[in-house]
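For the numbers below, each heavy atom of this structure counts, side chains included, while hydrogens, waters and symmetry mates do not. Within every chain, numbering begins at 1; the chains are lettered A, B, ... in the order of the sequence lines, protein sequences first and strands thereafter.
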Amino acid sequence: MASISRKPKLWTVEQDDLLKQLVENHGSQTWPMICQEFLETSGVKRTPKQCRDRWVNNLRSEKNDAPWKEEEVMILFDNQSKYGNQWSIIAKEMKGRTENQIKNLFYSTIRRNIRKFNKGKLDLERIKFKSLSILENQEIRNILTTRKSISKNFFLKTFLTKEAVNVIQSQFSQQQSTVCTENKTNYLALPEMNFTTDDFYISDDSGSSNPTFESEDLLYDNDYTTLEFSDLLNNPIY
DNA sequence: AACCGTGTCAACCGCCAGATA
DNA sequence: TTATCTGGCGGTTGACACGGT
């Protein structure tokens with residue numbers, strides 16, 4: 001079956017002006033009427049849904065198009081943690097940012113960090129995204145909400161604990177999983193604890209087989225939760 | 001200069017709940 | 001009571017710009 005094209009149909013300034021005018025006349029609750037009048041006036045066919053989306057996402061309020069500040073991003077992730085994916089509620093707390101802007105930033109951050117984290121890792125070590133519920137695991141959340149400025153080393157040297165792997169696998173429990181038998185390398189996992197990416201840096205011991213995460217107060221090595229690949233083979237986790 | 005990967009944004013889509021006929 | 005309509009919302013897609021190689 002041929003896929004249906006969904007080429008976006010961009011709005012012109014004239015169309016925006018007309019839509020604003022119509023909303024002014026009829027209010028923002030009567031979209032079928034608005035889109036009918038829109039068609040009669042402009043000759044352009046837009047569905048009620050398209051009109052509403054355009055209004056809500058771009059025209060309704062004064063939109064802040066400035067690049068996101070670090071504080072805003074932190075507030076966004078705090079709010080997401082508090083309210084879940086209720087973007088409309090989050091948007092109300094973030095003046096000038098629309099629901100769409102907030103959603104876009106959130107998902108692009110998640111996607112970026114998944115890509116960075118998975119790069120160079122074996123299939124079993126990777127974060128597989130099915131739904132945002134995996135963020136309920138604090139460890140995965142810390143990885144996926146990491147800021148843009150964090151170094152590649154952070155992702156290279158960070159591995160999932162058994163518990164985090166379980167969380168991910170549970171989302172795919174209905175699917176057949178495969179076990180890679182080629183690599184017997186130990187998995188070095190982060191400790192199960194709350195931290196922010198400001199709390200530590202990765203020590204410069206690139207020649208060592210035991211990457212070390214350090215902070216001003218804490219020093220970790222692989223004495224803590226370490227997941228060995230042989231364990232996985234002997235005790236499948238799914 | 002060309003290509004590729006990545007990030008951002010607007011628009012689209014599908015689902016759900018409430019209102020109404 | 002049921003079917004249909006509508007608005008609201010979360011999640012996804014496609015286009016485009018930009019930077020790195």
With a 6.0 Å cut-off on ring centres, are A:Phe77 and A:Phe106 close enough? yes
Under 4.0 Å, heavy atoms only, any strand: does A:Asn100 hit a base, just the sugar-phosphate, or nothing? base
Whole-Å distance, A:Ile89 CD1 to C:dC9 C1', equals 11 Å
Under-4.0 Å side-chain N/O to phosphate OP1/OP2 contact, A:Asn57 with B:dC12: no
Closer than 4.0 Å, any side-chain N/O of A:Gln50 to the OP1 or OP2 of B:dC12? yes
A:Gln86 atom CD is separated from C:dG11 atom P, nearest whole Å, by 10 Å
Which residue lies toward the 5' end of DNA chain B, A:Lys49 or A:Leu10, if each is placed at its nearest nucleotide? A:Leu10
What is the separation between atom CZ on A:Arg97 and atom P on B:dT8, rounded to the nearest whole Å? 11 Å
State whether A:Asn85 places a side-chain N or O below 4.0 Å from either non-bridging phosphate oxygen (OP1 or OP2) of C:dG11. yes
Test side-chain hydrogen bond (donor to acceptor under 3.5 Å, both in side chains) applied to A:Gln138 and A:Asn142, step by step: CA-CA 6 Å; A:Gln138 191 59 40; A:Asn142 286 333; 3.2 Å; yes
To the nearest Å, give me how far apart CD (A:Glu99) and P (B:dT8) are. 20 Å
Do any side-chain nitrogens or oxygens of A:Trp31 fall under 4.0 Å of OP1 or OP2 in C:dC5? no
Can you measure from CZ (A:Arg54) to CD (A:Gln50) and round to the nearest 0.5 angstrom? 11.5 Å
Proximity to DNA chain B (any heavy atom under 4.0 Å), residues of residues 104-111 of chain A only: A:Asn104, A:Ser108
Side-chain donor/acceptor of A:Asp53 to base of B:dA10, under 3.5 Å: no
Within this structure, what is the CG-to-C1' distance between A:Asn113 and B:dG7, rounded to whole angstrom? 12 Å
Backbone N/O of A:Thr98 and side chain of A:Gln101: donor-acceptor pair under 3.5 Å: yes
So does A:Lys63 get a side-chain nitrogen or oxygen closer than 4.0 Å to the phosphate oxygens (OP1/OP2) of B:dA10? yes
Rounded distance in Å - CZ (A:Arg46) to P (C:dG7): 17 Å
Using a heavy-atom cut-off of 4.0 Å across all strands, would you classify A:Gln101 as base, sugar-phosphate, or nothing? nothing
Choose from C:dG10, B:dC9, B:dA11 the nucleotide whose nearest atom is closest to any side-chain atom of A:Trp87. C:dG10
Is there a donor and acceptor pair, one atom on the side chain of A:Lys119 and one on the base of B:dG5, closer than 3.5 Å? no
Is there a donor-acceptor contact under 3.5 Å from the side chain of A:Asn113 to the main chain of A:Leu144? yes
Any A:Arg52 side-chain N or O less than 4.0 Å from OP1/OP2 of C:dG8: yes
Consider ring-ring contact (aromatic ring centres under 6.0 Å, His included). Of A:Trp31, A:Trp11, A:Trp55, which one does A:Phe38 pass it with? A:Trp11
When rounded to whole Å, the CG to P distance for the pair A:Leu19 and B:dA11 reads 11 Å
Write down the partner of B:dG14 under the Watson-Crick or G-U wobble criteria, each distance required to be under 3.5 Å. C:dC9
Please tell me if A:Arg115 has a side-chain N or O lying less than 4.0 Å from either OP1 or OP2 of B:dG5. no
Only one of A:Glu93, A:Arg97, A:Met94 forms a side chain to side chain contact (heavy atoms under 4.5 Å, CB included) with A:Leu76, so which one is it? A:Met94
Regarding the side chain of A:Lys103, the nearest nucleotide among C:dG10, B:dA11, B:dG7 is C:dG10
Are the side chain of A:Lys63 and the backbone of A:Leu59 linked by a donor-acceptor contact shorter than 3.5 Å? no
d(CG, A:Asp65; C1', B:dT8) in whole Å: 11 Å
